[in-house]
Each structure stands twice: as C-alpha cells, then as structure tokens.
Amino acid sequence: MRVTVDRDRCVASGQCAVIAPAVFDQGEEDGLVVVLDHAPSPEQKPELEEAAFVCPARAIALE
Amino acid sequence: MKDPAPAQLAEPFPWPRYPFDPPELYAWLRRERPVTRVHLRNGQPVWLVTRYDDVRAILADPRASADLSKEGFPQFGFRPAGAHERPFLRMDPPEHTVFRRLLAKSFLAKRMQAMRPRIQQLADDTIDAMLAAPDRTADLVTSLALPVPSTVLSWILGVPAEDRDFFNEETQHLLNRENTGDPGAQERALRAGKSLRVYLTGLLEARESRAEAGEDILGMLVTASRDGSITRQDAVNTAMVLIVAGHDTTANMVAVGTLLLLHHPDQMAVLRAEPELMPQAVEEMLRFLTVVHLVVLRVATEDIEIGSMVIPAGEGIVPLNFSANRDDAHYPDADCFDVRRSCRDHVAFGYGVHQCLGQPLARVELEVVFGTLLRRLPELRLAVPFEDIPFKLFSQINGVSALPVTW
Ligand code: HEM
Ligand code: SF4
C-alpha cells in the first residue's frame with residue numbers, strides 16, 4: 001500500500017497518529033502529520049482506512 | 001407513504017431534548033427532510049443538516065463559514081461568555097490557520113498522553129477529597145467534574161500554582177451563566193469573565209518582561225505577540241477561548257457520562273470487568289451524548305447544493321452533530337448505548353478545520369476520570385431519584401447542573 005498526505009490541509013488533530021502510530025506521527029513543532037512509513041504492509045490496511053476516514057481535513061490518501 | 005410533518009417542525013428551533021437523547025424530530029428529519037429550513041426564536045431562518053454524511057460534508061466545505069461576523073451566522077442569543085472578541089473558533093482560514101498552527105504544539109496527542117500520570121494523580125486527589133465527606137454523599141459536578149478540567153487548563157496555560165484557587169473559582173462562575181435562570185449567577189458570570197481577562201492580561205504582561213517567555217501556552221502566546229504574528233488582544237482572547245472551550249465541555253461530559261453509566265448498570269459492569277475497553281467506551285459516550293451540540297454553527301458564503309436542496313448564500317446552517325451521531329445509516333442501532341461499539345469516526349468533536357483542538361486532552365481526562373471512579377467507587381450510585389436530576393435541556397452544551405451521588 002502507498003500512503004500520501006497533504007500537509008497543507010492537515011489541521012493537526014493528531015487522530016491518525018493515535019489510530020495508526022506505526023505509520024503516522026505529528027511534527028514536534030507544528031503538530032502536522034508526518035508519514036513514518038510510506039509503504040506499509042497490507043496488514044495495516046484496517047487502521048489506515050480508519051485514519052483516512054476519520055481525518056477531519058481529508059488529508060490522507062491511500063492507494 | 002410519507003409521514004405528515006410533525007407540528008413541532010413549525011416551532012422555533014432549538015426544540016427540547018431529553019436527558020440523554022436528541023429531540024425525536026431529528027430522526028424524522030433524517031428520514032424525510034434531511035436538509036430543512038427552520039426558524040430560531042428570534043425569527044432568523046437557519047438550515048438544519050441532519051444526516052451523518054451531510055454533516056461531515058458541510059463541515060469539510062470551505063463555503064460553510066464559521067465566521068460569526070458574517071451576515072446570516074446563526075444567532076442563538078447567547079454568545080460564549082468571556083469571548084467578547086471573535087475567537088479563532090469563529091474565524092475562517094487563513095486567519096484561523098494562524099492560531100491553529102500556533103497552538104498545535106501545545107496539544108500534540110503524544111504530549112497529552114504523557115500528561116496521563118499527572119492527570120491520574122489529580123483525579124485521585126480530587127476523589128480523595130470527595131470521599132472525605134462524612135455523610136458519604138457529594139455533588140459530583142462541583143466535587144469532580146468542574147475542578148479536574150479547570151486544574152488541567154491552569155497547567156497547560158501556565159497559571160502559577162498559587163493562583164489556582166482563584167482561577168478555578170472564576171472559571172466556575174464564568175460557566176455558570178446558562179446553567180441557572182438566576183440573574184445573580186449571570187451577573188457573577190460576567191464579572192468572572194472580566195476578572196479573568198484582567199488576570200490573564202496581567203500574566204501575559206509579566207511574561208513579556210521576562211527573557212524566556214516559557215513553553216506553556218501563555219509563553220507561546222507571548223512569543224507570537226512579540227514576533228508580531230498576533231496582537232496582545234488576540235493573545236488574551238485565545239487564552240479565554242481555551243478556558244471556555246476546554247472547561248464546560250469536559251465537565252459536562254464527566255457529569256453526564258457518569259450518569260449515563262449509572263443508568264446502564266450492565267454497561268458499567270462490562271467496563272468494570274474489562275477496563276481495557278475504556279478508550280472505546282469514551283468514544284461511545286462522546287458519540288451517544290454529543291454534549292457539545294448547538295455550538296457547531298456555520299453560514300453559507302455561496303449557494304451550497306446538498307442532497308436535493310440548495311442552501312442559499314447568506315443563510316445560517318446548523319450541522320447537527322447530535323443527529324449525525326445517531327444516524328442509523330452510519331451506526332447500526334444508533335440509539336443504543338454500547339461500550340463495545342467502535343466509533344472513533346463520530347462527530348462529537350466536530351469535523352473539518354475546526355475539529356476540536358483539545359480532543360487528545362479531553363480523551364485522556366475522560367479515560368482517567370471514568371476509570372478511576374469505576375475502580376475506586378464500586379458502590380457509586382445516585383443520591384436522589386433520576387427524575388430529580390437538574391438537566392440543562394435548553395443550554396448550548398448538554399449537561400446537568402448538579403449530580404448528587406453516594407457510595
Ligand atoms: C469532551 C470534551 C470536549 C468536547 C465534546 C469538545 C467539542 C468541540 C467541538 C464540537 C468543537 C468544534 C466547534 C465547531 O466546529 O464550530 C470544538 C472546538 C474546539 N475545542 Fe473542544 N471539546 C472538548 C474539550 C476541549 C478541551 C479540553 C479543549 C482545550 C483545552 C478544547 C478546545 C477547543 C478549541 C480551541 C476549539 C476550536 C478549534 C478551532 O476552531 O480550530 N476542547 N470542541
Ligand atoms: S488526522 Fe488528518 S488532520 Fe489530523 S493530524 Fe492526521 S492528517 Fe492531520
């Protein structure tokens with residue numbers, strides 16, 4: 001799977017980093033999303049889909 | 001066959017709700033008229049949006065403005081006390097973005113989770129004080145629900161420990177305004193708003209004269225006003241909006257959440273037996289109760305087509321998160337409270353660019369407080385009949401003004 005994020009849209013809610021901590025983190029200074037793993041394993045699909053759906057800024061795309 | 005429109009639809013909005021449930025009309029609207037125009041008490045027309053998908057669509061739509069100075073913004077008659085100036089909650093990007101980015105650092109999810117041991121200690125100390133009551137009864141609102149969030153706010157803002165009693169007392173008065181119809185309380189709330197503004201202005205000034213502004217929120221605000229990204233007035237308004245947004249919300253959630261558990265002994269037993277369910281139970285309580293209900297307001301800046309309707313530019317919108325969270329099309333059996341449900345996608349914290357900034361903190365506070373109550377008070381129960389609980393059925397935030405309990 002491939003994960004891309006749009007940091008310009010991100011509003012630093014932190015939801016993705018809590019739902020899928022292996023893949024997302026927040027920047028220490030600005031709270032914006034940081035992708036830790038751009039090509040996570042397919043087992044992580046459920047969390048990633050949840051994070052993408054929950055994201056209030058619709059900033060997460062999965063392929 | 002279509003049901004006839006209930007007579008209540010013609011009555012001014014908001015309609016009365018129930019202790020734990022939204023007005024019945026919301027369910028009818030979701031089914032028959034998901035986007036509908038009604039009138040507020042002052043005669044202003046507003047559009048109610050009731051379905052989960054539509055509520056999220058509106059809250060993610062840049063044409064649905066949160067700017068309260070725009071013509072047509074829903075006017076419920078009560079402004080958040082203390083927020084005389086327009087807080088960033090009521091601004092649009094890019095103006096809003098400045099504040100959101102500035103504060104994001106102070107609300108990092110990891111940072112909030114790292115506060116858990118300190119919040120646990122606070123919950124334990126607060127409950128110790130409550131348990132000292134010789135007659136084994138207490139009002140859970142004043143003895144637990146209010147002091148915990150206001151103390152946590154004082155920490156993150158950077159209020160000095162010696163001022164904490166003053167701060168807790170004033171914030172409680174500030175929030176008392178709509179809990180009672182009592183004009184004395186209203187007047188005291190106004191005074192509390194003024195005294196907190198004066199106090200915060202003084203704290204900010206004192207920080208300005210120091211070389212190191214500090215790492216807490218007041219420090220960040222001083223740094224930002226020094227480098228010119230915000231004004232001193234903005235700094236005071238921002239501190240005030242955090243107090244208003246972070247206190248009453250969490251406090252009501254603690255009080256009504258406890259009452260909800262007491263009302264569902266089976267669910268409370270599940271949580272006592274499986275405390276690891278607490279994080280998801282908190283999400284379910286947030287969804288089910290949606291305490292911050294009539295705060296999420298918008299105005300259309302262009303015509304917005306939604307479903308088969310068009311909300312015209314210049315008219316107010318009330319995206320009903322309480323209705324969205326009870327939408328059976330998204331949550332099967334949505335009116336059933338079930339701590340085993342998984343529902344992190346609820347809209348109790350809103351959605352879109354204004355989604356609650358304090359949510360990671362609120363989650364930690366709620367998990368700790370409910371967890372501690374269940375663990376330490378196995379005999380917790382109401383001290384009065386359920387019917388005698390003073391619910392705030394018309395206020396902007398759902399809650400109770402007192403919760404007499406015994407153990
Ligand atoms: C259970 C507790 C809470 C609930 C249910 C809640 C709910 C909400 C909701 C629904 C909004 C969105 C308003 C809108 O879209 O117009 C919001 C925004 C906000 N909340 Fe919370 N809140 C809670 C606790 C807190 C706490 C503890 C803080 C801070 C200490 C906080 C700070 C804020 C701020 C600053 C905003 C405005 C964000 C923005 O406009 O970008 N909230 N909250
Ligand atoms: S969930 Fe969305 S808005 Fe929140 S931090 Fe992640 S990317 Fe940003």
Side-chain angles (χ1 to χ4, degrees), chain A, chain B residues 52-53 55-62 66 88-89 92-94 96-114 215 220 223 279-280 282-283 287 296 321 330 342-364 367:
Chain A
M1 286 186 87
R2 275 212 68 78
V3 178
T4 47
V5 295
D6 183 345
R7 296 188 92 223
D8 291 335
R9 298 184 65 105
C10 173
V11 294
S13 73
Q15 303 243 50
C16 56
V18 174
I19 296 171
V23 176
F24 302 106
D25 196 2
Q26 289 181 277
E28 283 291 329
E29 286 302 314
D30 56 11
L32 298 185
V33 60
V34 175
V35 180
L36 301 173
D37 182 356
H38 284 277
S41 66
E43 293 89 83
Q44 283 165 288
K45 199 170 167 211
E47 288 102 274
L48 293 172
E49 281 175 347
E50 186 183 1
F53 185 74
V54 164
C55 172
R58 301 190 170 170
I60 300 172
L62 306 174
E63 285 164 49
Chain B
Y52 179 86
D53 291 339
V55 165
R56 292 217 325 171
I58 285 290
L59 292 175
D61 193 323
F88 72 99
L89 166 71
D92 290 331
H96 163 263
T97 319
V98 174
F99 294 91
R100 183 95 193 183
R101 294 259 157 108
L102 183 68
L103 290 168
K105 185 180 175 181
S106 307
F107 287 97
L108 285 176
K110 272 181 297 190
R111 213 161 149 174
M112 299 300 104
Q113 282 162 359
E215 280 293 299
M220 310 263 300
T223 308
Q280 88 184 59
V282 164
E283 300 304 326
R287 177 194 74 87
V296 184
N321 57 342
H330 189 75
S342 164
C343 63
R344 230 192 131 88
D345 57 0
H346 62 71
V347 284
F349 288 123
Y351 188 72
V353 299
H354 291 282
Q355 191 182 58
C356 184
L357 183 66
Q359 55 180 305
L361 176 59
R363 286 183 163 116
V364 176
E367 287 170 21

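Numbered from 1 within each chain, the chains take letters A, B, ... in sequence-line order.
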- Query: Which one, T97(B), V353(B), L59(B), leads in non-hydrogen pairs under 4.5 Å with chain A?
  - Reply: V353(B)
- SB check D30(A) R7(A) (cutoff 4.0 Å): yes
- With a 4.5 Å cut-off on heavy-atom pairs, point out which of H346(B), R344(B), R101(B), Q113(B) contacts chain A the most. R344(B)
- Task: Report the option among H354(B), R363(B), R100(B) that has the most heavy-atom pairs separated by less than 4.5 Å from atoms of chain A.
- Result: R100(B)
- So with a 6.0 Å cut-off around NZ of K110(B), is the heavy-atom count from everything else above 12? yes
- Task: Among E28(A), R9(A), E50(A), single out the residue with the greatest number of heavy-atom pairs under 4.5 Å to chain B.
- Result: E28(A)
- 4.5 Å side-chain heavy-atom contact, F88(B) and L357(B): yes
- Just by distance, do the side chain of E47(A) and the backbone of I19(A) share a donor-acceptor pair under 3.5 Å? no
